[in-house]
Amino acid sequence: MKRLKTALENLDEKISDLEENVGLEGSTRRDALKKQTELMKTSQKREANVLAIAQKVAARLDQTIHHVEQILRD
């Protein structure tokens, strides 16, 4: 009976340890997912900024080309 009780206590301890490890892994995964989501948002914002700058540069280049063409015509 004593061996059975000891075995059950050991089993209970192991189960508790495993539950704790699973909880920690879940927490780590949630933190990693949160960080990944934040990085994606930051990346998308940077991409949008680069696109906006590229559009401004293209518009300015078009204006410059048009201006040079007018000068060459006159």
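Residue Lys5 is tested with Met1, Arg3, Glu9 for a side chain to side chain contact (heavy atoms under 4.5 Å, CB included); the sole match is Glu9.
Distance alone, capped at 3.5 Å, is enough to place a donor-acceptor pair between the Thr42 side chain and the Glu38 backbone.
A distance of 12.5 Å separates NZ in Lys41 from CD in Gln36, rounded to the nearest 0.5 Å. Of the inter-residue distances, the one linking Asp12 atom CG with Asp17 atom CG reads 9.5 Å to the nearest 0.5 angstrom. To the nearest 0.5 Å, atoms CD (Glu13) and CG (Leu18) are separated by 11.0 Å.
For His66 and Gln70, the side-chain atoms include at least one donor-acceptor pair closer than 3.5 Å.
No more than 12 heavy atoms of other residues, nucleotides or ligands lie within 6.0 Å of CD in Glu47, so this atom counts as exposed by the packing criterion.
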*Assess whether side chain to side chain contact (heavy atoms under 4.5 Å, CB included) is satisfied between Glu19 and Ile15, documenting all intermediate values.*
CA-CA 6 Å; Glu19 287 174 342; Ile15 290 172; 3.9 Å; yes

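Here the side chains of Arg46 and Ser43 are not in contact, with every heavy-atom distance at 4.5 Å or above. The shortest side-chain heavy-atom distance between Asp31 and Lys35 does not fall under the 4.5 Å cut-off. Taking the side chain as every heavy atom from C-beta outward, Ile71 and His67 approach each other to under 4.5 Å.
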